[in-house]
Student: 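Starting off with a structure, shown below.
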Amino acid sequence: MGPEVRQEALERHGLTESQDGFVLSRRGFQKAARRARALRDEGDEEAARMLALDPDDPVRWEYARCLQIEAFHDEWYESEF
């Protein structure tokens, strides 16, 4: 994955990079919430617990960030193989 394609993928997942790692945008949070709802509907208890938290809860934001990092990683991995 070249630098331009990588940047496009980051934007698609609502992520930016900082010196401290990945930062989640509000758009990324919304995408993660949709993904978490799908996981909850499949019986994922962790997703259900996270969705029960207030949208401003930092734990919910961290869970959403992890979901989007995972989605970005999956896209990167698929593009490499």
Student: Kindly write out the residues that satisfy salt bridge (Lys or Arg N to Asp or Glu O under 4.0 Å) with Arg27, not counting sequence neighbours, or none if the list is empty.
Tutor: none
Student: For Trp61 and Pro55, indicate whether the former's side chain and the latter's backbone hold a donor-acceptor pair under 3.5 Å.
Tutor: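 Yes, because the side chain of Trp61 sits within donor-acceptor range (under 3.5 Å) of the backbone of Pro55.
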Student: For a side-chain hydrogen bond (donor to acceptor under 3.5 Å, both in side chains) with Arg6, tell me which candidate from Glu17, Glu11, Glu75 qualifies.
Tutor: Glu17
Student: Specify the closest pair of heavy atoms between Ser18 and Val23, including all atoms of both residues, with the distance to one decimal.
Tutor: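 Shortest heavy-atom contact: OG-CG2, 3.8 Å.
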Student: Examine distances only and state if a side-chain atom of Lys31 and a backbone atom of Ala64 form a donor-acceptor pair shorter than 3.5 Å.
Tutor: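 No.
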Student: Closest approach of Ala47 and Leu39, non-hydrogen atoms and distance?
Tutor: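 Minimum heavy-atom separation between Ala47 and Leu39: CB-CB, 3.8 Å.
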Student: What distance do Phe29 atom CZ and Asp56 atom CG have between them, rounded to the nearest 0.5 Å?
Tutor: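 Phe29 atom CZ to Asp56 atom CG measures 7.5 Å (nearest 0.5 Å).
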Student: Check Arg35 with Glu70, please: is the shortest side-chain N to carboxylate O separation under 4.0 Å?
Tutor: yes
Student: Does the pair Arg49/Glu46 count as a salt bridge with the N-to-O cut at 4.0 Å?
Tutor: no
Student: Which heavy atom of Tyr63 sits nearest to which heavy atom of Ala36, and what is that distance?
Tutor: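 Looking at all heavy atoms of both residues, the shortest contact is CE2-CB, 4.0 Å.
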Student: Relative to the ring of Trp76, is the ring of His73 parallel (under 30°), tilted (30 to 60°) or perpendicular (over 60°)?
Tutor: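 Ring orientation of His73 relative to Trp76: tilted.
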Student: Please round to the nearest 0.5 Å and tell me the distance separating atom CD of Gln7 and atom OG1 of Thr16.
Tutor: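 Taking CD in Gln7 and OG1 in Thr16, the distance rounds to 8.5 Å.
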Student: Who are the side chain to side chain contact (heavy atoms under 4.5 Å, CB included) partners of Leu15, not counting sequence neighbours?
Tutor: Leu10, His13, Phe22, Leu24, Gln68, Ile69, Phe72
Student: Distance from Ser25 atom OG to Arg65 atom CZ, nearest 0.5 Å?
Tutor: 12.5 Å
